[in-house]
Amino acid sequence: MRVQRVVTSGAFSLDGDTFDVDNNVWLLGDDEEVLIVDAAHDARTIHQAVGGRAVTAIVCTHAHDDHVDAAVELAELTGAPVLLHPADHELWAATHPDRKPDGELTDGQRITVAGIEIQVIHNPGHTWGSCSLYVPFLDTVFTGDTLFHGGPGATGRSYSDRPTIEASIRNRLLTLPGNTVVRTGHGEDTTVAAERPNVRTP
């Protein structure tokens with residue numbers, strides 16, 4: 001069982017602004033099957049990294065366009081379902097108006113890949129449907145843009161709220177074991193313990 005990072009580059013657009021971004025795409029699995037966390041920018045590069053393994057699901061941590069713009073093409077290439085929290089369906093539709101996700105993420109949901117259980121944690125704030133994926137077996141949590149090296153993800157744009165993301169991180173992520181590796185949607189890894197001082201207390 002291993003975690004693989006694929007970095008893809010493209011654009012993020014929201015509220016009339018566009019930025020160039022590098023995204024972390026995560027592949028979690030073994031030699032036989034794999035789960036993809038966030039299909040960003042370049043479906044063919046991600047598909048190449050899959051290397052012929054069966055893809056159990058394409059999980060979207062949230063529906064900002066830079067995290068889902070390759071999801072439909074990647075689903076076609078792999079035959080895997082795209083999973084997204086329903087609170088982000090409006091954002092998804094801005095990028096993919098003619099194709100809905102195949103399934104929903106729900107808080108507490110369990111997803112299995114290569115015999116390892118993944119726990120879905122609903123983390124609203126960066127978007128209303130943002131989710132993290134906790135893998136106790138690997139002491140790892142995939143946080144999308146909810147928690148970064150240095151603290152909470154961005155708010156201040158549509159579909160986001162600062163107090164909500166801070167409460168979500170405090171109550172749902174910082175309660176995980178301190179040695180849990182935080183694998184983010186952009187940039188470098190961190191740990192739960194390292195980020196506890198970076199999140200405001202109420």
Side-chain angles (χ1 to χ4, degrees), residues 1-8 12 21-30 33-41 46 49-50 53 55-64 66-71 74 80-85 87-88 101 103-127 129-154 165 168-169 171-196 198-199:
M1 189 69 171
R2 62 188 182 274
V3 176
Q4 178 182 356
R5 183 202 319 250
V6 178
V7 178
T8 60
F12 163 58
V21 288
D22 295 329
N23 284 61
N24 293 328
V25 179
W26 298 101
L27 277 59
L28 171 65
D30 60 11
E33 62 180 28
V34 65
L35 179 142
I36 299 170
V37 181
D38 288 342
H41 308 306
I46 301 167
V50 168
R53 290 173 287 176
V55 179
T56 59
I58 301 164
V59 179
C60 307
T61 61
H62 63 294
H64 280 156
D66 61 318
H67 289 256
V68 302
D69 52 2
L74 192 59
V82 178
L83 307 181
L84 176 72
H85 193 281
D88 267 11
E104 296 184 348
L105 297 175
T106 58
D107 187 54
Q109 179 181 353
R110 300 294 197 267
I111 302 171
T112 301
V113 61
I116 300 302
E117 186 176 83
I118 301 165
Q119 301 174 14
V120 177
I121 301 172
H122 182 210
N123 279 135
H126 181 67
T127 67
S130 288
C131 290
S132 297
L133 304 173
Y134 177 44
V135 191
F137 179 79
L138 297 177
D139 296 319
T140 287
V141 63
F142 300 90
T143 58
D145 289 0
T146 293
L147 180 62
F148 289 120
H149 184 282
I165 197 174
S168 181
I169 293 169
N171 298 333
R172 307 303 308 280
L173 297 180
L174 300 187
T175 55
L176 299 176
N179 66 337
T180 303
V181 177
V182 177
R183 301 185 189 269
T184 63
H186 308 271
E188 61 187 288
D189 298 347
T190 183
T191 66
V192 166
E195 297 312 315
R196 283 174 179 152
N198 297 328
V199 180

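Nothing here was measured: the structure is a model prediction, and the numbers come from that model.
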Please list, one pair per line, the donor and acceptor atoms closer than 3.5 Å that link side chains of residues 131-142 to other protein atoms, with sequence neighbours excluded.
residue: Ser132; atom: OG; partner: Asn123; partner atom: OD1; Å: 2.6
residue: Thr140; atom: OG1; partner: Leu138; partner atom: O; Å: 3.1

Original post:
Once you round to the nearest 0.5 Å, how far does CG of Asp107 lie from CD1 of Ile121?
Top reply: 7.5 Å

Original post:
His122 vs His85 aromatic rings, parallel, tilted or perpendicular, using cut-offs 30° and 60°?
Top reply: parallel

Original post:
Are Ile116 and Asp30 close enough, and set up right, to give a side-chain contact (heavy atoms from CB on, under 4.5 Å), and what steps lead you there?
Top reply: CA-CA 10 Å; Ile116 300 302; Asp30 60 11; over 6 Å; no

**OP:** Quick one: closest heavy-atom pair of Val6 and Ala49, and the distance?
**Re:** CG2-CB, 3.6 Å

Subject >> Heavy-atom side-chain contact between Arg5 and Asp189 under 4.5 Å >> reply: yes

**OP:** Give the intermediate values and the outcome of side-chain contact (heavy atoms from CB on, under 4.5 Å) for residues His149 and Thr184.
**Re:** CA-CA 8 Å; His149 184 282; Thr184 63; 5.7 Å; no

Subject >> Between NE2 on residue His62 and OG1 on residue Thr143, distance to nearest 0.5 Å >> reply: 10.0 Å

Original post:
Does any non-hydrogen side-chain atom of Thr61 lie less than 4.5 Å from one of His126?
Top reply: no

Original post:
Quick one: are Leu147 and Val192 in side-chain contact, heavy atoms under 4.5 Å?
Top reply: no

Original post:
What are the two closest non-hydrogen atoms of Ser130 and Thr146, and how far apart are they?
Top reply: CB-OG1, 3.7 Å

**OP:** Write down the atom of Ala39, the atom of Ile46, and the distance for their closest heavy-atom approach.
**Re:** CA-CD1, 4.0 Å

Original post:
Per the side chain to side chain donor-acceptor pair (under 3.5 Å) rule, which among Thr8, Asp66, Asp69, Asp38 passes with Asn23?
Top reply: Asp66

Original post:
Looking only at heavy atoms, which two atoms of Thr191 and Gly178 are closest? And how far apart?
Top reply: CB-O, 3.7 Å

Subject >> Nearest heavy atoms of Ala71 and Ile58, plus distance in Å >> reply: O-CD1, 4.1 Å

**OP:** Without swapping roles, check the side chain of Arg196 against the backbone of Ala193 for a donor-acceptor pair under 3.5 Å.
**Re:** no

Subject >> Stepwise side-chain contact (heavy atoms from CB on, under 4.5 Å) check, Glu195 with Leu173 >> reply: CA-CA 10 Å; Glu195 297 312 315; Leu173 297 180; over 6 Å; no

**OP:** Any chance you could lay out the side-chain contact (heavy atoms from CB on, under 4.5 Å) test for Leu83 and Ile111, step after step, and finish with the verdict?
**Re:** CA-CA 11 Å; Leu83 307 181; Ile111 302 171; 4.2 Å; yes

**OP:** Report yes if some heavy atom in the side chain of Asn24 is under 4.5 Å from a heavy atom in the side chain of Arg183; otherwise report no.
**Re:** no

**OP:** List the atom of Cys60, the atom of Leu84, and the distance in Å for their closest heavy-atom pair.
**Re:** CB-CD1, 3.7 Å

Original post:
Relative to each other, are the rings of His186 and Phe148 parallel, tilted or perpendicular (30° and 60° limits)?
Top reply: tilted

Original post:
Tell me, do Met1 and Leu28 make a side-chain contact under 4.5 Å, heavy atoms counted?
Top reply: yes

